[in-house]
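Below: the structure, in structure tokens.
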Amino acid sequence: MHDFGYDVADYEDVDPVFGTLEDFDQLVAAARERGLSVLMDVVPCHTSIEHPWFREHPDWYIWADEPNNWVAAFGGSAWTELNGRYYLHSFYPEQPDLDWRNPELVAAMQDALRFWVERGIAGYRVDAIDRLLKDAELRDDPPASDPFPLPLHEEAMKLAGTHSRNAPDIGAALAKIREAVGDHLLVGEVYLPSADWQPYLEHLDAAFAFELLHSPWDAERMRAAIEASTRRPGAAWVLSNHDFGRLATRFGAENARAAALMLLTLPGPAFLYQGDEIGLGDAPAGEPSIDRFGRDRFRHPMQWDASPTGGFTSGDPWLPAVDPEGTNVEAQRDDPRSTLSLVRDLLTVRRVLGEGLELLDAADGVVAYRRGEHVVAVNTTGEERSAPLGEEVVLETGPGALRDGTLAPHAGAITMGLQHSQKG
Ligand code: GLC
């Protein structure tokens, strides 16, 4: 729990804090009965310092006699001294990086990947995958000339990251992951702009579109991010997660429904973070955190009912619920105007949206695109806006979202039957 699960001490078991392998099997079976599949998050780039491999197979890790200038993702040197040598850690010092150039390590990790596939999972979200291979000679990173297009720790921002991640031969390591899982789904946490996705998409099914996740709630910036990430197929859409917070806080509670509408109408897989389907916000900023990077407030448990733990557990959750009386599934389940009902409707509508995406011209502050016969329009502003809207309304973010051919403030809609002359 140095990085709350991202420091794996055993790839083939469940931490007793969470339960047992039998519990896991029950979860997969219960999901299957409901027509759902389970994806797992796999962390192939580093283990916990407590993994027995670190003692028994130190040569499966990356060592140097002297540290180079690489900076860890959370700041500080990426090297820590141990018995007169230095091991590499791209994240916390308790997360030593594995050496994917070592065939024995690759074989051990392939076994771990097969273990869960054989237990019935549908595939993996692959953690921090651009860190899988780095420069074999461990050369210093050059200073950054252009700013990296996604947020990084300020110390990491100063370097170009050319050698510490995303090695030119990364495809060879990705191929080993693909080999182990067959045609099961692989979605990469590729923390790079979409222009750099190509080697990843040769082996993975999709890469998270971080340019859109990090775009502010601004139509022009969002259009540019969608445009960049749809230039080639392979975007997995995500607007919120356990590292950056939930929709209602990131974009404002008044925009949370429109954000969900956008997320679930883009082409390709979409990842909706737990809590977003009921419009849950993050816990208040400034609360003490047990995560050193301060991400606890994004990670409060799902709220099923109004009880003090939100019905998440009969035990003591390690993070408290956030206003379970105000936001919970039970209160929203049968209310057709709730965020939960909107998200359910979106999940139904998204099945019939056409292939591909065509961005449409639209008024300032409006993001609009065509998905086959359907047209999606989102007003990012607090004012009424004209927008490309078809004659038939398929779904609105709420009552009154559409008024005489305009979109209400903060509203979004899916319509059909757009006349060509009507483009915004
Ligand atoms: C990924 C995870 C993050 C974790 C890091 C190190 O970025 O999303 O939560 O801290 O990898 O494993």
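Remember, it's 1-based here, ligands and their atoms both numbered in the order they're listed. Keep in mind that the numbers below use all heavy atoms, side chains included, and drop hydrogens, waters and symmetry copies. Numbering starts at 1 and runs along the sequence shown. Here the structure is a predicted model, which is why all the values come from computation and not from measurement.
Looking at E211 and S194, their side chains do bring a donor and an acceptor atom within 3.5 Å of each other. For the 3.5 Å distance criterion, the side chains of H242 and Y6 qualify, holding a donor opposite an acceptor. Of the N and O atoms on the side chains of T265 and Y369, at least one donor lies less than 3.5 Å from an acceptor on the other residue.
By the salt bridge (Lys or Arg N to Asp or Glu O under 4.0 Å) test, D305 is found to be paired with no residue, residues two or more places apart in sequence or in another chain being considered. For the salt bridge (Lys or Arg N to Asp or Glu O under 4.0 Å) test, residues two or more places apart in sequence or in another chain that qualify with D243 are R295, R299.
Aromatic ring centres of F298 and Y273: separated by at least 6.0 Å.
Contact annotation: R125 has at least one heavy atom less than 4.0 Å from an atom of ligand 1.
In the vicinity of D3, heavy-atom distances shorter than 4.0 Å reach the ligand 1 atoms 4 (C), 5 (C), 6 (C), 10 (O), 12 (O). Interface atoms of ligand 1 facing R299, defined by a heavy-atom separation under 4.0 Å, are 9 (O). Close contacts of ligand 1 with D243, meaning ligand atoms under 4.0 Å from a residue heavy atom, involve 2 (C), 3 (C), 7 (O), 8 (O), 9 (O). For ligand 1, the atoms closer than 4.0 angstrom to any heavy atom of F74 are 10 (O). Close contacts between ligand 1 and H46 involve ligand atoms 6 (C), 12 (O) [criterion: under 4.0 Å to a heavy atom]. Close contacts of ligand 1 with R295, meaning ligand atoms under 4.0 Å from a residue heavy atom, involve 3 (C), 4 (C), 9 (O), 10 (O).
Screening V187, V43, L113 for a side chain to side chain contact (heavy atoms under 4.5 Å, CB included) involving Y124 leaves a single residue, L113.
Protein heavy atom closest to atom 2 (C) of ligand 1, with residue, atom name and distance, is D127 OD1, 3.1 Å. Of the protein's heavy atoms, E189 OE2, 2.9 Å lies nearest to atom 7 (O) of ligand 1. If you check which protein heavy atom lies closest to atom 5 (C) of ligand 1, you get F91 CE2, 3.8 Å.
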